[in-house]
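These notes are about the structure you will find just below.
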There are 2 protein chains.
Amino acid sequence: MKENTGKTKYILLGLLAHQPQTGYTIKKAIEYEYSHFWQESFGQIYPTLKQLVKEDLAVIMEGQESDSTRGQKLYQITEKGKKVLITWLEQAPEIEKLRYELLVKVSFGEAAEPKVMLEHLDDFIKRNDKNIREMNFFLEELSKLRLQGDDHTYKELTVLSGKYFYTAMRDWALEAKHIISERKVDPS
Amino acid sequence: MKENTGKTKYILLGLLAHQPQTGYTIKKAIEYEYSHFWQESFGQIYPTLKQLVKEDLAVIMEGQESDSTRGQKLYQITEKGKKVLITWLEQAPEIEKLRYELLVKVSFGEAAEPKVMLEHLDDFIKRNDKNIREMNFFLEELSKLRLQGDDHTYKELTVLSGKYFYTAMRDWALEAKHIISERKVDPS
DNA sequence: AATCTCATGTAATGGGTTACATGATTTT
DNA sequence: AAAATCATGTAACCCATTACATGAGATT
């Protein structure tokens with residue numbers, strides 16, 4: 001088995017710290033709540049869960065399953081796991097590197113017809129608009145929960161970051177389209 | 001040798017379309033002008049250049065080196081290479097996936113002391129401010145070149161995207177700090 | 001009965017960074 | 001003479017996705 005010095009381990013600990021879960025529900029949770037800034041595949045999740053158990057950071061909750069769980073394994077974080085999680089949270093996060101294929105294409109825009117980049121930007125704007133609507137929807141949901149005394153401040157912050165991010169990208173693309181169009185009309 | 005179905009190939013073609021270059025100058029160009037949205041290592045660049053030659057997308061410029069080039073190989077894009085580049089530019093870019101460790105940590109913020117996330121956010125704000133200043137500097141430089149009749153519209157667009165992006169991230173972090181602090185003072 | 005979703009897991013493959021190896025030229 | 005930079009390249013390793021294999025339970 002691999003050593004796994006990466007981040008998957010800590011994401012899983014963070015999710016297990018919230019509530020005991022199976023590999024499958026962890027995957028679904030990441031897809032639903034983290035996909036705009038993080039992703040994990042089954043190929044990472046299952047081996048890493050095994051690793052967590054091996055390192056005493058999590059245990060499989062045996063017995064007392066009320067309903068007949070078919071084959072699933074419910075993982076629970078240990079005290080040691082909580083400590084490891086907190087230590088990791090305190091460490092400075094890695095400086096983020098982006099890989100934005102759209103921007104690479106735009107940078108080579110001169111080599112193509114202006115229409116090509118304008119179309120890519122249109123698609124990009126649509127995508128970002130969709131994401132902005134999604135972020136707004138989540139913010140409303142979280143705000144409702146808050147009124148019911150159910151606080152999710154930190155989750156809200158990540159959704160808010162998505163809103164800021166997608167809005168900035170959309171606004172940039174609108175300006176970029178404008179700049180390219182101007183130039184097309186008046187190539188002085 | 002690897003097949004390399006990835007993007008490296010096209011980035012190199014895009015850079016070679018601008019001017020003939022060596023692997024080394026390509027690396028430096030990517031570090032200087034692309035690092036905020038793309039990166040490549042020597043371990044990718046050199047094998048890919050070989051591959052380009054093998055596929056007739058680039059050739060090594062032999063002879064006529066005026067100054068004694070020590071061991072370096074100057075690569076030049078071929079007509080076939082230009083066609084392949086244009087075809088790639090026309091294809092829709094891959095939908096971008098982010099991996100933002102800071103946001104993962106923030107999402108687990110409840111498990112740590114508020115001070116921990118506030119400090120991470122402070123660092124993040126500083127980093128973004130630095131990047132914003134850098135983008136502004138680049139924009140000024142490009143604007144000067146423009147006055148001299150040297151157009152870099154598409155390059156400017158990518159720098160502008162950086163400015164939008166880093167500004168949005170900084171503004172979000174400022175609001176996030178505010179929200180966490182409010183909550184700390186008044187934990188009703 | 002067939003199909004869909006739940007559920008776990010492994011193997012193959014790909015893509016990328018880092019470390020290492022080598023040597024020339026330039027700067028201090 | 002030593003150190004820094006220029007310059008190319010390979011090997012090891014790591015991380016991650018995808019494809020595949022298996023099977024239970026639920027739905028049509």
Side-chain angles (χ1 to χ4, degrees), chain A residues 1-12 15 20-32 34-35 37-54 58 60-62 65-75 94-101 104, chain B residues 1-12 15 20-32 34-35 37-54 58 60-62 65-75 94-101 104:
Chain A
M1 196 185 299
K2 293 205 198 129
E3 269 312 300
N4 199 354
T5 53
K7 318 267 162 58
T8 305
K9 182 170 155 177
Y10 302 104
I11 316 301
L12 300 193
L15 290 171
Q21 294 192 71
T22 68
Y24 194 82
T25 60
I26 285 173
K27 178 79 196 314
K28 295 295 137 185
I30 293 174
E31 266 172 27
Y32 188 66
Y34 287 77
S35 61
F37 60 90
W38 203 267
Q39 47 283 322
E40 293 290 350
S41 62
F42 283 127
Q44 290 281 104
I45 292 171
Y46 286 118
T48 305
L49 281 170
K50 273 198 173 176
Q51 189 67 21
L52 289 183
V53 172
K54 208 170 143 191
I60 298 174
M61 280 173 79
E62 301 279 6
E65 343 61 281
S66 45
D67 47 0
S68 66
T69 54
R70 77 270 226 190
Q72 352 130 276
K73 294 178 184 173
L74 198 59
Y75 289 86
E94 195 178 281
I95 291 174
E96 37 282 318
K97 294 186 235 166
L98 300 191
R99 292 197 127 213
Y100 241 72
E101 190 182 340
V104 175
Chain B
M1 194 187 297
K2 293 204 199 134
E3 270 311 301
N4 199 353
T5 54
K7 317 268 162 56
T8 306
K9 182 170 156 178
Y10 302 103
I11 316 301
L12 300 194
L15 291 171
Q21 294 192 71
T22 68
Y24 194 82
T25 61
I26 285 173
K27 177 81 199 308
K28 295 295 137 184
I30 293 175
E31 265 172 26
Y32 187 65
Y34 287 78
S35 61
F37 59 90
W38 202 268
Q39 46 282 324
E40 293 290 350
S41 61
F42 283 127
Q44 290 281 104
I45 291 171
Y46 287 117
T48 305
L49 281 170
K50 274 198 173 178
Q51 189 68 22
L52 289 183
V53 172
K54 208 171 144 192
I60 297 173
M61 278 172 80
E62 301 280 5
E65 339 64 280
S66 47
D67 49 0
S68 68
T69 54
R70 78 271 224 187
Q72 356 133 272
K73 295 179 183 172
L74 197 58
Y75 289 86
E94 194 179 280
I95 292 173
E96 36 282 319
K97 293 186 233 166
L98 301 190
R99 291 198 125 212
Y100 242 73
E101 190 181 340
V104 174

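Proteins come first, then strands; the chains are lettered A, B, ... in the order of their sequence lines, and each starts at number 1.
Legend: residues meeting side-chain contact (heavy atoms from CB on, under 4.5 Å) with A/Glu96, ordered by chain and number and at least two apart, are B/Tyr100, B/Leu102, B/Phe124, B/Arg127. A/Thr25 meets the side-chain hydrogen bond (donor to acceptor under 3.5 Å, both in side chains) test with A/Gln21, A/Thr22; sequence neighbours excluded.
Close to C/dG15, at under 4.0 Å from its OP1 or OP2, lies no side-chain N or O of A/Arg99. Of the side-chain N and O atoms in A/Thr8, none sit less than 4.0 angstrom from OP1 or OP2 of D/dC15. Distances shorter than 4.0 Å separate some side-chain N or O of A/Lys50 from OP1 or OP2 on C/dT10. At D/dC6, none of the side-chain N or O atoms of B/Thr22 fall inside 4.0 Å of OP1 or OP2 (strictly under the cut-off). Put simply, B/Lys28 has no side-chain N or O that comes within less than 4.0 Å of OP1 or OP2 on D/dT5.
A/Lys28 forms a cation-pi arrangement with A/Tyr24, by the criterion of a distance under 6.0 Å to the ring centre and an angle within 45° of the ring axis.
In this structure, the nucleotide among C/dA7, D/dA7, D/dG9 sitting nearest to the side chain of B/Tyr75 is D/dG9. Of the candidate nucleotides C/dG9, D/dA7, D/dA16, D/dA7 has the atom lying nearest to any side-chain atom of B/Tyr24. For B/Gln44, the listed nucleotide lying nearest its side chain is C/dG16; candidates were D/dA16, C/dG16, C/dG9. In this structure, the nucleotide among C/dG16, D/dA7, C/dT10 sitting nearest to the side chain of A/Pro47 is C/dT10. Checking C/dG9, D/dT18, D/dC6 against the side-chain heavy atoms of A/Ser41 singles out D/dT18 as nearest.
Nucleic acid contact for B/Gly43: base, since at least one base atom lies under 4.0 Å from a heavy atom of the residue.
Distance A/Ile45 CD1 to C/dT8 P: 10 Å, rounded to the nearest Å.
Remark on DNA chain D: of its neighbouring residues A/Trp38 and B/Gly23, the 5'-side contact belongs to B/Gly23, judged by nearest-heavy-atom nucleotide.
Note on A/Lys7 versus A/Glu40: no salt bridge recorded, every NZ/NE/NH1/NH2 to OD/OE distance being 4.0 Å or above.
Looking at every heavy atom in both residues, A/Pro47 comes nearest to A/Phe42 through CD-O, 3.8 Å.
End-to-end axis angle of the helix from C/dA1-D/dT28 to C/dT28-D/dA1, from C1' rotation axes over five pairs per end: 20° (rounded to 10 degrees).
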